[in-house]
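Have a look at the structure below, then the notes.
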Amino acid sequence: MQFEKHNYHLVDPSPWPAIGAFGVIILVFGAINYFGEGLTFGAEETKRGSMLPMLIGLGIVLFTMAGWWRDIIKESHSGLHNEIVQIGLKYGMVLFIASEVCFFVAFFWAFFDVSLPGQADYRGAIGGVWHPKVLKQCTQWEYHF
């Protein structure tokens, strides 16, 4: 079987996405454990969970970042990132940053458009107040999950 030569770099299978996802899960549940018990209302003193799972998850995430970057640097120094691959990486980063800018502009535009004074035409559709009067506001004391 003969393969066609091309200018693009096809990456090898990597364990880093799975290891990173595992580390983030441990980090999140460790943070919930650590901060979660401190949210007890009416307690005489605040009780916290153990910080150890959260730190283990953070360590796994940092280890994943270092290992993944090490592999990318090794690929680039071994000549696998030729000029076409470098251009693709640069375009990918530019498009990612542009999409983040567009997201935050749209989010803050919508927020300030509705919340700043002088937006009577928008507020008129919801009764002139925020939050709308027809919505019933719920608190943590009304609903038990």
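Residue numbers run from 1 in the order of the sequence given.
Linking ILVMFWY residues whenever their side-chain heavy atoms come closer than 4.5 Å, directly or via other members, leaves Val85 and Leu80 in distinct clusters. Note on Ile19: it clusters hydrophobically with Ile56, by side-chain heavy-atom contacts below 4.5 Å among ILVMFWY residues. Hydrophobic clustering (side-chain heavy atoms under 4.5 Å, transitive across Ile, Leu, Val, Met, Phe, Trp, Tyr) groups Ile26 together with Leu52. Transitive grouping of hydrophobic side chains (ILVMFWY, heavy atoms separated by less than 4.5 Å) brings Phe111 and Phe104 into a common cluster. In the hydrophobic cluster analysis, where Ile, Leu, Val, Met, Phe, Trp and Tyr join through side-chain heavy atoms closer than 4.5 angstrom, Val61 is grouped together with Ile32.
Note that CE of Met54 is 7.5 Å distant from CG of Leu27, once rounded to the nearest 0.5 Å. Rounded to the nearest 0.5 Å, atoms CG (Asp71) and OG (Ser76) are 11.0 Å apart. Taking CD1 of Ile97 as the start and SG of Cys102 as the end, the distance is 12.0 Å to the nearest 0.5 Å. Remark: Met65 CE to Arg70 CZ distance equals 14.5 Å, nearest 0.5 Å.
When atom types are taken as modelled, the side chain of Gln86 and the backbone of His81 share a donor-acceptor pair closer than 3.5 angstrom.
Applying the ring pair (Phe, Tyr, Trp, His ring centres under 6.0 Å) criterion to Phe63, with sequence neighbours excluded, gives Trp16.
Among all heavy-atom pairs drawn from Pro17 and Trp68, the shortest one is CG-CH2, 3.6 Å. Contact record, Pro53 with Gly30: CB-CA, 3.9 Å, taken as the closest heavy-atom pair.
Cluster partners of Ile87, using a side-chain heavy-atom cutoff of under 4.5 Å among ILVMFWY residues and allowing indirect links, are Tyr91.
Other residues, nucleotides and ligands place more than 12 heavy atoms under 6.0 Å from the CD atom of Glu100.
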